[in-house]
Amino acid sequence: MTAFAALHRAGEPLLLPCAWDHASAHALAAQGFGAIGTTSLGVAAAAGLPDAAAATREETLRLALVLGSGPFLLSVDAEGGFTDDPGEVAELACRLWAVGAVGINLEDGLGSAERHAAKIAAVKAAVPGLFVNARTDTHWLGDGDGTETARRLDLYQQAGADEVFVPGLGDPRAISALVRQLSVPLNILYTPDGPTVAHLADLGVRRISLGSLLYRRALGAAVEAAVQVRAGGTPGGTAPPYEAVRALAGPPGCGSTEPRAPR
């Protein structure tokens with residue numbers, strides 16, 4: 001079992017915050033988060049590109065290159081692999097592994113479940129050590145049908161997925177039932193109006209992702225601060241000092257482009 005896989009514990013799930021750049025990842029690591037994901041929405045929005053449209057392959061690779069040597073375990077949100085070709089998805093996985101990523105998130109976008117399973121199988125064949133989190137969008141893009149969700153997740157775990165992810169699923173009874181049906185860990189997306197972290201742990205969830213929440217909160221706080229200053233007020237909340245943020249860039253040479261052995 002890899003170090004990353006070992007973090008997916010029953011009763012003590014992995015809480016995975018998601019970064020969108022070097023500073024956000026390293027600021028989270030400084031708070032004790034030993035594993036960090038990336039958010040495809042944050043990466044896309046920061047680059048002025050659409051999310052979930054296979055438009056950010058190079059931006060995603062560039063961020064993985066920057067973060068792969070960080071003092072944390074890195075899992076990369078790769079949308080649907082940025083292509084329908086399983087071989088090309090496997091090639092992307094190899095590149096992520098080479099720069100230090102230990103996990104990849106692949107979403108089906110509610111397309112063909114069989115094609116998504118083929119992508120998962122290709123990745124595991126090419127990079128057996130890369131932890132594959134297979135996401136289905138039955139609740140985000142579909143009608144949340146439980147039978148279809150179970151069918152897709154079964155295909156994905158049979159294809160070799162190390163974990164399955166159902167964003168949008170928040171009903172405790174449905175989560176608990178799904179945990180009992182699966183032979184791999186279940187990942188649930190945290191939402192402020194959904195079950196708490198403690199409740200999800202009690203239900204058997206072994207990974208809780210924050211997705212784009214942190215990016216959206218940061219964006220909202222920035223706009224709110226600007227509006228408050230314009231109105232003659234003083235922004236609330238906290239802001240790290242200039243030097244603290246400057247230090248997040250790390251020493252010269254920290255962005256080496258040389259591949260390293262993944263953890």
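Predicted model only: the values in this text are computed from it and were never measured.
By the ring-ring contact (aromatic ring centres under 6.0 Å, His included) test, His8 is found to be paired with Phe4, Phe131, residues two or more places apart in sequence or in another chain being considered. For Pro17, the side chain to side chain contact (heavy atoms under 4.5 Å, CB included) test picks out Leu28, Phe33, Ile36, Leu210, Leu214, with sequence neighbours left out. Evaluation of the ring-ring contact (aromatic ring centres under 6.0 Å, His included) rule for Phe82 yields no partner, not counting sequence neighbours. Scanning for salt bridge (Lys or Arg N to Asp or Glu O under 4.0 Å) contacts around Arg9 gives Glu12, with sequence neighbours left out. Scanning for side chain to side chain contact (heavy atoms under 4.5 Å, CB included) contacts around Arg173 gives Asp171, with sequence neighbours left out.
Ion pairing between Arg57 and Glu91 holds under the 4.0 Å rule for side-chain N and carboxylate O. A salt bridge does not link Asp108 with Arg115: none of the charged nitrogens is closer than 4.0 Å to a carboxylate oxygen.
Residues Leu41 and Ile208 are members of separate hydrophobic clusters, defined by side-chain heavy-atom contacts under 4.5 angstrom among Ile, Leu, Val, Met, Phe, Trp and Tyr. Criterion: ILVMFWY side-chain heavy atoms under 4.5 Å apart, direct or through other members. Under it, Leu186 and Leu15 are part of a common hydrophobic cluster. Residues Leu74 and Trp97 fall within the same hydrophobic cluster, defined by Ile, Leu, Val, Met, Phe, Trp and Tyr side chains chained together at heavy-atom separations under 4.5 Å. In this structure, Leu169 is a member of the same hydrophobic cluster as Val164, with clusters built from ILVMFWY side-chain heavy atoms closer than 4.5 Å. In this structure, Val184 is a member of the same hydrophobic cluster as Leu203, with clusters built from ILVMFWY side-chain heavy atoms closer than 4.5 Å.
The backbone N or O of Asp85 sits less than 3.5 Å from a side-chain atom of Thr83, completing a donor-acceptor pair. Side chain of Lys119 to main chain of Glu107: no donor-acceptor pair is present (N/O by atom type, distance under 3.5 Å, no hydrogens or angles). Of the possible polar contacts, one joining the Thr191 side chain to the Gly194 backbone as a donor-acceptor pair under 3.5 Å is found. Judged by distance alone, the side chain of Ser176 and the main-chain N or O of Pro172 form no donor-acceptor pair under 3.5 Å.
Between His116 atom NE2 and Asp84 atom CG the span is 11.0 Å, to the nearest 0.5 Å. Here the OG atom belonging to Ser75 is positioned 8.0 Å from the CD1 atom belonging to Ile104, to the nearest 0.5 angstrom. Here the straight-line distance linking atom CG of Leu130 with atom NZ of Lys124 works out to 6.5 Å at 0.5 Å rounding. Taken from OG1 in Thr138 to CZ in Arg151, the straight-line distance is 10.5 Å, to the nearest 0.5 Å. Here the straight-line distance linking atom OH of Tyr190 with atom CG of Leu200 works out to 9.5 Å at 0.5 Å rounding. Summarising the geometry, atom CZ belonging to Arg62 is positioned 9.5 Å from atom CG belonging to Leu65; distances are rounded to the nearest 0.5 Å.
With contacts defined as side-chain heavy-atom distances shorter than 4.5 Å, the pair Val227/Arg230 qualifies. Side-chain contact between Cys18 and Trp20 is absent, with no heavy-atom pair separated by less than 4.5 Å. Considering only heavy atoms from C-beta on, Ile188 stays 4.5 Å or farther from Phe165 through its side chain. Under the 4.5 Å side-chain criterion, counting only non-hydrogen atoms from C-beta, Asp154 is not in contact with Leu182. Between Arg152 and Leu110 the shortest side-chain heavy-atom distance falls below 4.5 Å.
Sequence neighbours left out, the pairs with a member in residues 25-46 that pass side-chain hydrogen bond (donor to acceptor under 3.5 Å, both in side chains) are His22-His26, Ser40-Asp51, Ser40-Asp77.
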query = For Asn187 and Val166, what are the C-alpha separation, side-chain angles and deciding distance, and is it a side-chain contact (heavy atoms from CB on, under 4.5 Å)?
reply = CA-CA 7 Å; Asn187 179 197; Val166 191; over 6 Å; no

inquiry  = Using the rule given for salt bridge (charged side-chain N to carboxylate O under 4.0 Å, His left out), can you reason through Arg135 versus Asp137, listing the C-alpha separation, both sets of side-chain angles and the distance that settles it, and then say yes or no?
reply    = CA-CA 7 Å; Arg135 172 178 135 182; Asp137 290 309; 2.7 Å; yes

task = Would you sort out whether Arg216 and Leu213 count as a side-chain contact (heavy atoms from CB on, under 4.5 Å), showing the intermediate values?
result = CA-CA 5 Å; Arg216 291 183 287 112; Leu213 176 64; 4.0 Å; yes

task = Could you walk me through whether Thr149 and His139 pass the side-chain contact (heavy atoms from CB on, under 4.5 Å) test, one step at a time?
result = CA-CA 8 Å; Thr149 298; His139 282 259; 3.9 Å; yes

request  = Carefully, step by step, assess Val102 and Thr2 under the rule side-chain contact (heavy atoms from CB on, under 4.5 Å).
outcome  = CA-CA 9 Å; Val102 297; Thr2 66; over 6 Å; no

request  = Give the C-alpha distance, both sets of side-chain angles, the deciding distance and a yes or no for salt bridge (charged side-chain N to carboxylate O under 4.0 Å, His left out) between Glu163 and Arg207.
outcome  = CA-CA 9 Å; Glu163 179 178 63; Arg207 173 161 152 187; 2.9 Å; yes

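Shortest non-hydrogen contact noted between Asp145 and Glu148 is OD2-N, 2.7 Å. In plain terms, the two heavy atoms of Pro240 and Val245 that are nearest each other are CB-CG2, 3.8 Å. Closest non-hydrogen pair, Ala159 versus Ala117, comes out as CB-O, 3.3 Å. Taking both residues in full, the closest heavy atoms of Pro195 and Gly170 are given as CG-O, 3.4 Å, listed atom of the first, atom of the second, then distance. Of all heavy-atom pairs between Ala93 and Val123, the closest is CB-CG1, 3.7 Å. The shortest non-hydrogen separation linking Ala101 to Val76 is CB-CG2, 3.9 Å.
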